[in-house]
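Working notes, beginning with the structure itself.
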Amino acid sequence: MECCPIPESSWDRALRLIGRHDEIGLACHVNPDGDALGSMLAVAFVLRSMGKRVVASFGDRHFAVPRLLGFLPGQEMLVPPEQFPAAPDLMIVFDCSTFERVGLLGANAASAREVIVVDHHPSNTGFGTLDLIDATAAATAMLAEQLVYRLGGRLDRDIATCLYAGLVTDTGSFRYSSVTPAVHQMAARLVATGLRTDEIARELWDRSPFGYLKVLAHALERVTLEGSLVWTYVSRVDRAAYGLPYSELEGIIDIVRRADEAEVAVVLKEDDHGDWQVSTRSKGTVDVAAVCAALGGGGHHNAAGYTSYDTVEETMAKFRRELRRVS
Ligand code: AMP
Ligand code: MN
Ligand code: MN
């Protein structure tokens, strides 16, 4: 295992904190992706095998595991946020760059005695009482793997499935610039447990309800190229016509960002509450994390996001303004 910039003293403190507590609350960011949920569940498995009482959750108003991640093992350890301890002695938070990303469980984190933040976002604000943050890691799952070993755990197929989901989603199937030899070495350790990586890939990327094709068609029909910006949106109404859940929209940005002419791609996705979740991607020259941070979100240099409470037009006007400022 390659060493990381998290100081040994921080890992030691984390192990001491975990050792001292029998009940531990785990949380990951709202609208969880493979890295958030996978990292959390992998650590949950190990803590449970150590005899800890573990609850794991995420702070969405409508608590539901996205269909895409339905194959992840360990979901019996999940509880909805209202069943999460109000003031846990120890809480561990995964893949959250800011306190806001903890969503409804932010109140629990604020009341917790100790909060360990495990994350890889360069923009992480360091909101834990102990921060295990490595911005060079391609996924939080890389830090979760270390935590598994340091807790004395071993990879079994369940843990490896969870960690692989994190690694493969956050690296875009090993395509992004974050991919290092350490990423492939980790993948090799995971695959060696007997993972069916073909089945995982199919679950994550190669299937959708039929309605997805129709909604995608709408989104592509109105896709717009403005100089080096390509963008589109998907409204609640678009989805309602086909009963398509919000979480099915994740892959649209990967299609929109294909446009060679564009340096920056944006997809506005209206969630079930009428708020716009904005996905942004850059090909390298523009730091979309800086743009999104200025608009209340965050992320990585080439992949970032934020929530907008404005209309599509207002959202794009503000985005263009920030984009001009940053470029
Ligand atoms: P997505 O476009 O949802 O795949 O998100 C891309 C990146 O942006 C991820 O690394 C997220 O952590 C970050 N991100 C997305 N939405 C938000 C948000 N509302 N606030 C902060 N960061 C976000
Ligand atoms: Mn994430
Ligand atoms: Mn991540």
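When a ligand or atom number is given, it counts from 1 through the structure's own listing order. Because only heavy atoms are used, hydrogens play no part in the values below, and waters and symmetry mates are left out as well, while side chains stay in.
Within a 6.0 Å radius of CD in Glu250, no more than 12 heavy atoms belonging to other residues, nucleotides or ligands are found.
Under 2.8 Å from the Mn ion (ligand 3) lies an N/O/S atom of His120, whether from backbone or side chain. Distances from the Mn ion (ligand 2) show that His29 has an N/O/S atom below 2.8 Å. Distance check for Asp35 against the Mn ion (ligand 3): an N/O/S atom falls below 2.8 Å.
Taking the Mn ion (ligand 2) as reference, Asp95 places its N/O/S atom OD2 nearest. The nearest N/O/S atom of Asp33 to the Mn ion (ligand 2) is OD2. The N, O or S atom of Asp170 with the smallest distance to the Mn ion (ligand 3) is OD2.
When heavy-atom distances to ligand 1 are checked against a 4.0 Å cut-off, His121 comes that close only through its side chain, counted from C-beta outward. Residue Glu250 does not touch ligand 1, judged by heavy-atom distances below 4.0 Å. With a 4.0 Å cut-off on non-hydrogen atoms, His29 does not touch ligand 1 at all.
No N or O atom of Ser97 sits closer than 3.5 Å to an N or O atom of ligand 1. The shortest N or O to N or O distance between Arg281 and ligand 1 is under 3.5 Å. Here's the thing with Gly305: one of its N/O atoms is less than 3.5 angstrom from an N/O atom of ligand 1.
Residue Thr307 has at least one heavy-atom neighbour below 4.0 Å for each of these atoms of ligand 1: 19 (N).
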